[in-house]
S.K.: 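Next up is a structure, given as C-alpha cells.
As the structure is a prediction and not an experimental result, all values here were calculated from the model. All residue numbers refer to positions in the sequence shown, counting from 1. For ligands, and for the atoms within them, numbers begin at 1 and follow the listed sequence.
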Amino acid sequence: MEFQHPIVAAPMAGGPSSTALARAVASTGAMGFLAGGGKTAAQLTEDYRSVADAGRVGVNLFVPDVANTAVDPVASRQRRAEKLTEFREKLLPFGDRLGVEIPTVEQAGANVTDDWDAKLHAAIQWPIVSFTFGLPAPAVFEQLHGSNTQIGVTVTSVAEARNAVEHGADFLVVQGPEAGGHRSVHDPQAEPEDIPLLDLLDAVGDVVEIPFVAAGGIITPAQVREVQEHGAAAASVGTALLLSDEAGTNPVHRQMLQEDRSGVTQLTRVYSGRVSRSLVNEIMELDAPAVYPEVNALTVPIKRAAAQVMDPRSTHLFAGTGYLQARTGPAADIVRWLAGERA
Ligand SMILES: Cc1cc2nc3c(=O)[nH]c(=O)nc-3n(C[C@H](O)[C@H](O)[C@H](O)COP(=O)(O)O)c2cc1C
C-alpha cells in the first residue's frame, strides 16, 4: 500500500463524507473516503458507482460486536437491557421537547449488526476498505484480499496496532485522542488511551512495518509535516474538511463550528455508547452506558429532530481539538493548502 500524497480525507459518517467531497479530494491526488457506518449495503454500491472513476477513494466500515474479535462474547445481555432502560428514561425530556418518540430498548437492539454481512459483500468491489471500532477475523481479511482490496484498520493503541498487523492489515490509521468524532477503541467497554498523537505514532512506528496514516487534531500544514516526521505516510483529516463546500455537514453543525469560539471539545458516550469528541452541549451532561450501538439507536430521533430545527442542544457536533482553525471553501483548496501546495 502506497501513499503518494500526504493527505487522506478521514471517513465521516452521518453526512459529512459526501460523494462530492470524496471526488473533490481525489481530484487533487489525495485519498478520498466514504463512510459506510449507518448506511445500507445498497447505498455502498451506489456510492461506489459515484466515485469509481474519481481517483483513489476508499470506504470505511464500522465493525459490529458480532464480527469484532476484540469483544468478549460473554458480556451479559440482561445488564445491557437494565442500563439502557435507565438511560432511556433520561432521554425522555429531550424527546418531549422535540416532539419525537424514543424507541423502546427492544427496538434499539433490532439492528446491532449494521448489516455487516451484506456490507462486507458490497465492500469487495472497493479498492480500499478501512475498519473502525474493531478487528474482524483474519478470514475477513483473506476474503477482501482475494478481490485485491487493500485493508486499513483504525487503531488507538500499540496493542491494537500489533493485532491489526497480525490479522493482515495493509495499513493502519493511527488515531490520537485529539480526533473529532468517535475513538476507534477496539473493545467498546474500554476507556480510550490518552497518549497524544505524536507519541502514539512514535510508539506504533517502533513495532509495525506496514505504512500508517495519522489522525486526530491535524488542521494545519505544519501539523501535516510534523506527523510525517513522526513516521506517518499521510495525515487523515476530518474536522479540517467539515466546513468545506462539498462536505455534507448539516447546517447546525456548520453553524456551531463557526460560532462556538470557546475552543473547548469534550469526550462523551451519549451519542452512541462509544466515546466520541464533540463541541459541548446540553445532552452531553447525561451519563450514557457503554452499550453500542443501542445507545445510538435510542438517540437517533433526538439527534435528527434537533438538527432539523437547528437546535444545537441535543445533536452531535463532532469536532477535533483543532476545530477553531477549520477553513471554509472548496475542499480541493483546503487539501492543497494542507499539503503545502498553496498559501
Ligand atoms: C463528523 C465526524 C464523523 C466521523 N465519522 C467517522 C466514521 O464514520 N468512521 C471513522 O473511521 N471515523 C470517523 N470519524 C473520525 C475520523 O475518521 C478521524 O479519525 C478524525 O476526524 C480525525 O480527527 P480530526 O477530526 O481532528 O481531523 C468521524 C469524525 C468526525 C469529525
S.K.: Heavy-atom distance under 4.5 Å between the side chains of E294 and R80, does that happen here?
M.R.: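 The answer is yes; the side chains approach within 4.5 Å.
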S.K.: Does atom CD of Q255 have more than 12 heavy-atom neighbours, drawn from other residues, nucleotides or ligands, at distances under 6.0 Å?
M.R.: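 Enclosed: over 12 neighbouring heavy atoms sit under 6.0 Å from CD of Q255.
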S.K.: Taking the minimum heavy-atom distance to atom 29 (C) of ligand 1, which of S236, G180, S278, G238 ranks first?
M.R.: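 Selected option, by shortest heavy-atom distance: G180.
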S.K.: Under a 3.5 Å distance rule, please check whether T149 uses its side chain to pair with a backbone N or O of H145 as donor and acceptor.
M.R.: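 No; zero donor-acceptor contacts below 3.5 Å.
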S.K.: Taking the inter-plane angle between the rings of H182 and F133 on a 0 to 90° scale, is it parallel (under 30°), tilted (30 to 60°) or perpendicular (over 60°)?
M.R.: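 Perpendicular, since the angle between the ring planes exceeds 60°.
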S.K.: Touching ligand 1 at all, G322? Heavy atoms, strictly under 4.0 Å?
M.R.: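 Distance cut 4.0 Å: G322 fails for ligand 1.
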S.K.: When you measure from atom 14 (N) of ligand 1 to each heavy atom in G320, G181, P11, which option holds the nearest one?
M.R.: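 Shortest heavy-atom distance from atom 14 (N) of ligand 1: P11.
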S.K.: Apply ring pair (Phe, Tyr, Trp, His ring centres under 6.0 Å) to residues F171 and F3 and explain how you reach the verdict.
M.R.: CA-CA 10 Å; F171 67 98; F3 291 86; 5.4 Å; yes
S.K.: When you compare ligand 1 with T132, is there at least one nitrogen or oxygen pair between them that comes in under 3.5 angstrom?
M.R.: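 Looking only at distances, the answer is yes, because the N/O contact criterion of under 3.5 Å is met.
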S.K.: Can you find an N/O atom of A13 closer than 3.5 Å to an N/O atom of ligand 1?
M.R.: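 N/O-N/O distance under 3.5 Å: yes.
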S.K.: Indicate, as side chain, backbone, both or neither, the part of M12 found under 4.0 angstrom from ligand 1 when only non-hydrogen atoms are considered.
M.R.: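 Answer for M12: both.
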S.K.: Indicate yes or no: does an N/O atom of N60 lie under 3.5 Å from an N/O atom of ligand 1?
M.R.: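 Checking ligand 1 against N60, an N or O pair does fall under 3.5 Å apart.
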S.K.: Scan L84, V270, L91 and name whichever one has a side-chain contact (heavy atoms from CB on, under 4.5 Å) with V295.
M.R.: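 Among L84, V270, L91, the one that satisfies the side-chain contact (heavy atoms from CB on, under 4.5 Å) with V295 is L84.
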